[in-house]
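A quick note: this is a predicted structure, and the numbers were derived from the prediction, not measured. Side-chain atoms are counted along with the backbone in the values below, which use heavy atoms only and exclude waters and symmetry mates.
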Protein chains: 2
Amino acid sequence: MPSEKVTSVDVAKRAGVSQSAVSRVFTPGASVSPKMAEKVLKAAEELGYRPNVLARSLITGRSRIIGLVVAYLDNQFYPDALERLSNALQTHGYHILVFMVSNDESGTEKVMGELLDYQVDGIITASVAMSNALAARCAAAGVPVVLFNRGQDDERLNQVTSNNYIGGRRIADFLIAGGHTRIAHIAGWSGSSTGRDRRHGFEDRLREKGLDLVACIDGMYRREIAAQAARDMFAGDVKPDAIFVGNDHMAFAVLDTLKHELKLDVPGEVSVVGYDDVPMAAWPSYDLTTLRQPSGRMVEATVKTLLDWIEEGSRDVRKIEIDGPLMIRGSARVPEGWSYEGL
Amino acid sequence: MPSEKVTSVDVAKRAGVSQSAVSRVFTPGASVSPKMAEKVLKAAEELGYRPNVLARSLITGRSRIIGLVVAYLDNQFYPDALERLSNALQTHGYHILVFMVSNDESGTEKVMGELLDYQVDGIITASVAMSNALAARCAAAGVPVVLFNRGQDDERLNQVTSNNYIGGRRIADFLIAGGHTRIAHIAGWSGSSTGRDRRHGFEDRLREKGLDLVACIDGMYRREIAAQAARDMFAGDVKPDAIFVGNDHMAFAVLDTLKHELKLDVPGEVSVVGYDDVPMAAWPSYDLTTLRQPSGRMVEATVKTLLDWIEEGSRDVRKIEIDGPLMIRGSARVPEGWSYEGL
DNA sequence: TCTCAATTTGCATACCTATGCAATGCGTTC
DNA sequence: GAACGCATTGCATAGGTATGCAAATTGAGA
């Protein structure tokens with residue numbers, strides 16, 4: 001049994017060729033004769049040789065590592081995206097290096113440094129914003145960045161989101177059509193573009209239709225806060241007859257609170273609409289009406305953008321917005337004549 | 001603005017010292033005078049220098065990368081574990097490189113190769129088994145492996161699990177004490193140690209008490225299969241009055257099917273018990289009685305084992321089993337006198 | 001059979017950092 | 001003031017691979 005690291009030199013020695021020959025055999029597109037390839041592969045096989053990715057990256061300047069920065073994994077949207085991203089990148093020979101970060105400035109700063117230390121070929125941030133200083137550093141290092149599910153003005157940052165503003169409007173239309181009159185909003189974190197855009201779209205459309213929110217609370221994308229918001233809303237004098245919750249993750253907590261704690265009938269007494277359409281939203285216990293963020297297509301766009309930058313040398317910054325349908329299920333009153341196809 | 005990669009040589013030049021000096025300043029524990037450190041750090045700061053982890057790893061033989069192999073992220077247990085693992089390792093200066101794998105032999109084989117190409121310092125496999133050939137290769141490469149939540153006989157592989165056999169027995173005791181007489185099991189994948197151990201513990205204890213399973217179906221750890229199993233069980237002549245489901249992920253599907261599709265009262269007509277105690281199990285809509293796998297402590301044990309091997313040179317293979325309590329909630333009839341403290 | 005172009009191979013070097021070894025500098029003690 | 005020990009520094013090399021360039025080989029064409 002071969003014990004320690006075996007290098008290209010070992011293989012070269014055994015095959016009776018030069019180290020460069022070995023290297024070429026393992027470099028796609030290099031010039032090698034069939035019989036050379038055969039000799040080398042045989043020797044490599046016997047010794048159990050595989051090229052050292054790290055050493056290779058030192059020369060090529062390519063690590064085949066993509067850094068993923070993510071704040072939480074308890075919102076099902078993110079593990080789902082992570083799984084898709086990882087699979088997609090894997091088929092292209094890249095892998096994901098994970099960096100967990102608390103969603104504040106200093107944490108991001110520190111983690112981004114470590115990220116660049118690994119010479120990553122690209123960076124994906126999921127639900128995390130970046131300071132302009134950081135964007136500058138990445139740009140200086142020539143490392144492309146894609147903000148996944150978060151928008152930002154910086155003209156160096158690619159981004160892939162759903163069309164949150166339109167989504168918010170669409171949900172407003174749906175609730176109005178359903179005849180709701182006391183509409184409330186438990187918003188996504190106001191520090192995030194997604195939270196703000198959804199809210200603005202929602203509010204704007206309501207206002208256009210002559211309606212005002214009866215209540216609006218920032219749920220911070222956190223379960224407990226959203227649950228408390230729901231309680232507070234029903235402790236006041238005007239009880240909402242519909243709540244748009246800023247994402248599914250919070251919507252589940254709101255549903256739990258309304259149904260099991262406040263003993264309200266959903267959608268009889270109050271309609272609930274979420275945002276994301278995570279897999280769990282379709283589970284019968286929640287059966288949540290929600291606006292789908294098409295994570296499959298968002299991942300595709302993210303990977304394509306990244307690879308275009310890395311492998312094709314593209315330098316045009318993309319701001320991609322992907323539309324998703326409203327998934328009409330049982331947690332909100334369905335207006336006359338609406339259905340999936342109705343969109 | 002500094003454009004391209006800045007190296008230790010650049011810093012050395014600017015500070016008027018040797019490259020080795022720069023290296024030493026950035027190597028903890030190396031010998032440097034205060035004024036040298038100051039000079040170098042100043043120059044580094046000005047140029048925006050940070051050591052190249054990859055180049056460093058070429059010398060030290062340490063990449064500070066831990067490979068994580070995982071099959072699915074839709075079972076909340078795994079993203080939860082991933083988050084904890086990543087955080088724990090991050091505080092020790094390590095990071096996780098993710099490898100998704102379909103849960104079959106060939107996929108694992110391929111992915112493990114890529115894993116070793118990255119010169120990872122250690123490998124964690126979550127819910128994935130390894131062929132002995134692979135275990136041998138990792139051992140030969142000197143890379144420690146920890147099986148997380150999966151057991152295997154190979155004497156080269158560390159493993160961290162809960163005590164699945166005891167857990168199965170404990171659930172049997174609980175259901176028997178609850179007066180159930182027609183007990184069924186929707187098992188975890190029989191190809192996995194966890195699935196088998198839980199089942200054996202469960203069956204053994206039932207048999208000791210003179211009971212036989214009225215039905216037992218392999219749920220393969222998949223929602224749809226578990227749901228179908230539940231339907232099948234209630235299509236027969238003897239309807240179960242209790243079902244132990246091999247993990248929470250499947251248990252949610254079973255609960256959905258029983259409550260919303262078959263319109264059964266839980267726990268009135270049938271008790272359901274899960275395994276894992278993922279966060280979602282405590283959500284009011286499911287309120288699932290389940291045996292907790294203490295993922296926090298499992299992660300601790302995993303990280304400690306890994307670091308002992310990597311940094312302390314430990315070579316003793318550990319087979320760690322961590323006990324967890326039964327979390328008594330509302331999805332199963334509670335026997336007279338039982339409660340959390342009753343354990 | 002000889003020439004020439006095209007293909008394949010080897011040589012040497014570079015990528016960026018850490019570290020053993022020798023040399024230098026410093027402070028201390030007698 | 002000299003000798004000694006210790007802390008600090010620089011020099012040179014290694015770690016595993018890719019690649020430009022020149023040398024060698026191959027094959028075709030006449």
Side-chain angles (χ1 to χ4, degrees), chain A residues 2 4-41 43-44 47-65 93 114 116-121 141-142, chain B residues 2 4-41 43-44 47-65 93 114 116-121 141-142:
Chain A
E4 281 309 310
K5 314 274 185 194
V6 25
T7 76
S8 60
V9 176
D10 301 329
V11 177
K13 209 164 292 172
R14 170 174 260 255
V17 301
S18 74
Q19 180 269 330
S20 354
V22 178
S23 169
R24 274 188 263 262
V25 170
F26 285 92
T27 304
S31 161
V32 259
S33 67
K35 71 177 196 306
M36 167 67 83
E38 191 196 1
K39 260 194 302 186
V40 169
L41 287 175
L47 295 176
Y49 169 77
R50 309 209 61 184
N52 180 330
V53 175
L54 269 36
R56 172 179 283 176
S57 79
L58 198 50
I59 304 261
T60 61
R62 292 275 142 82
S63 61
R64 306 202 79 82
I65 296 176
E114 304 178 23
L116 294 174
D117 295 348
Y118 278 94
Q119 313 296 115
V120 293
D121 290 341
Chain B
E4 283 309 310
K5 314 274 183 193
V6 25
T7 76
S8 61
V9 177
D10 301 328
V11 177
K13 209 164 291 173
R14 171 173 261 256
V17 301
S18 72
Q19 178 271 329
S20 353
V22 178
S23 169
R24 274 188 263 263
V25 170
F26 285 92
T27 304
S31 161
V32 257
S33 68
K35 71 176 196 306
M36 167 68 80
E38 191 196 3
K39 260 195 301 186
V40 169
L41 287 174
L47 295 176
Y49 170 76
R50 309 209 63 186
N52 180 330
V53 176
L54 269 35
R56 172 179 283 176
S57 78
L58 198 50
I59 304 261
T60 59
R62 292 275 141 83
S63 61
R64 307 202 79 83
I65 296 176
E114 303 178 23
L116 294 174
D117 294 349
Y118 278 96
Q119 313 297 114
V120 293
D121 290 342

Colleague: Mind checking B/Ser20 for me? I need base, sugar-phosphate or nothing, with any heavy atom below 4.0 Å counting as a touch.
Modeller: base
Colleague: Has the side chain of A/Arg24 got a donor or acceptor that lies under 3.5 Å from a partner of the other kind on the base of C/dG10?
Modeller: yes
Colleague: Looking across every strand, which nucleic acid part, if any, lies under 4.0 Å from A/Val17 by heavy atom: base, sugar-phosphate, or nothing?
Modeller: sugar-phosphate
Colleague: Verify the contact: side-chain N or O of A/Thr7 to OP1 or OP2 of D/dG16, cut-off strictly under 4.0 Å; return yes or no.
Modeller: no
Colleague: Could you go step by step and tell me if A/Val40 and A/Val11 meet the side-chain contact (heavy atoms from CB on, under 4.5 Å) rule?
Modeller: CA-CA 7 Å; A/Val40 169; A/Val11 177; 4.2 Å; yes
Colleague: With a cut-off of less than 4.0 Å, is there a side-chain N or O of A/Ser8 near OP1 or OP2 of D/dT17?
Modeller: yes
Colleague: From CD1 of A/Ile59 over to P of C/dT17, roughly how many Å is that when rounded to an integer?
Modeller: 14 Å
Colleague: What's the spacing between B/Ser33 OG and B/Lys39 NZ if we round to 0.5 Å?
Modeller: 7.5 Å
Colleague: To the nearest Å, how far apart are B/Asp117 CG and D/dT17 C1'?
Modeller: 13 Å
Colleague: Quick one: the side chain of A/Ser57 and the base of C/dC15, do they pair up donor-acceptor inside 3.5 Å?
Modeller: no
Colleague: Expressed as a whole number of angstroms, how long is the span from B/Asp10:CG to C/dC15:P?
Modeller: 10 Å
Colleague: Rounded to the nearest Å, what distance is computed from the CG atom of residue B/Asn52 to the P atom of nucleotide C/dA18?
Modeller: 9 Å
Colleague: Please check the phosphate of D/dT26 (OP1 and OP2 only) for any side-chain N or O of A/Ser33 closer than 4.0 Å.
Modeller: no
Colleague: Across the strands shown, which category fits B/Ser31 at heavy-atom distances under 4.0 angstrom: base, sugar-phosphate, nothing?
Modeller: base
Colleague: By nearest heavy atom, map B/Gln19 and B/Arg56 onto DNA chain D; which one lands nearer the 5' end?
Modeller: B/Gln19
Colleague: Is the phosphate of D/dT17 approached by A/Tyr49 (side-chain N or O, under 4.0 Å from OP1 or OP2)?
Modeller: yes
Colleague: Could you grab the distance from atom CG of A/Asp10 to atom NZ of A/Lys5, nearest 0.5 Å is fine?
Modeller: 13.0 Å
Colleague: In whole Å, I'd like the distance from the OH atom of A/Tyr118 to the P atom of C/dC16.
Modeller: 19 Å
Colleague: The test is side-chain contact (heavy atoms from CB on, under 4.5 Å); show your working for A/Met36 and A/Val17 and say whether it passes.
Modeller: CA-CA 9 Å; A/Met36 167 67 83; A/Val17 301; 3.7 Å; yes
Colleague: Rounded to whole angstroms, how far apart are NZ on A/Lys13 and P on C/dG10?
Modeller: 15 Å
Colleague: Does the side-chain contact (heavy atoms from CB on, under 4.5 Å) test come out yes or no for B/Val25 and B/Leu41, once each step is laid out?
Modeller: CA-CA 8 Å; B/Val25 170; B/Leu41 287 174; 3.9 Å; yes
Colleague: Where the side chain of A/Thr60 is concerned, which of D/dT19, D/dT8, D/dT9 is the nearest nucleotide?
Modeller: D/dT19
Colleague: Applying side-chain contact (heavy atoms from CB on, under 4.5 Å) to B/Gln19 and B/Lys13, what does each step give before you reach the verdict?
Modeller: CA-CA 8 Å; B/Gln19 178 271 329; B/Lys13 209 164 291 173; over 6 Å; no
Colleague: Rounding to a whole Å, what distance do you find between B/Lys39:NZ and D/dT8:P?
Modeller: 14 Å
Colleague: Any donor-acceptor pair under 3.5 Å between the side chain of B/Ser23 and the base of C/dC16?
Modeller: no
Colleague: CG of A/Leu54 versus C1' of C/dT17: gap in Å, rounded?
Modeller: 13 Å
Colleague: Base, sugar-phosphate alone, or nothing: which one does B/Val32 contact when heavy atoms must sit under 4.0 Å apart?
Modeller: sugar-phosphate
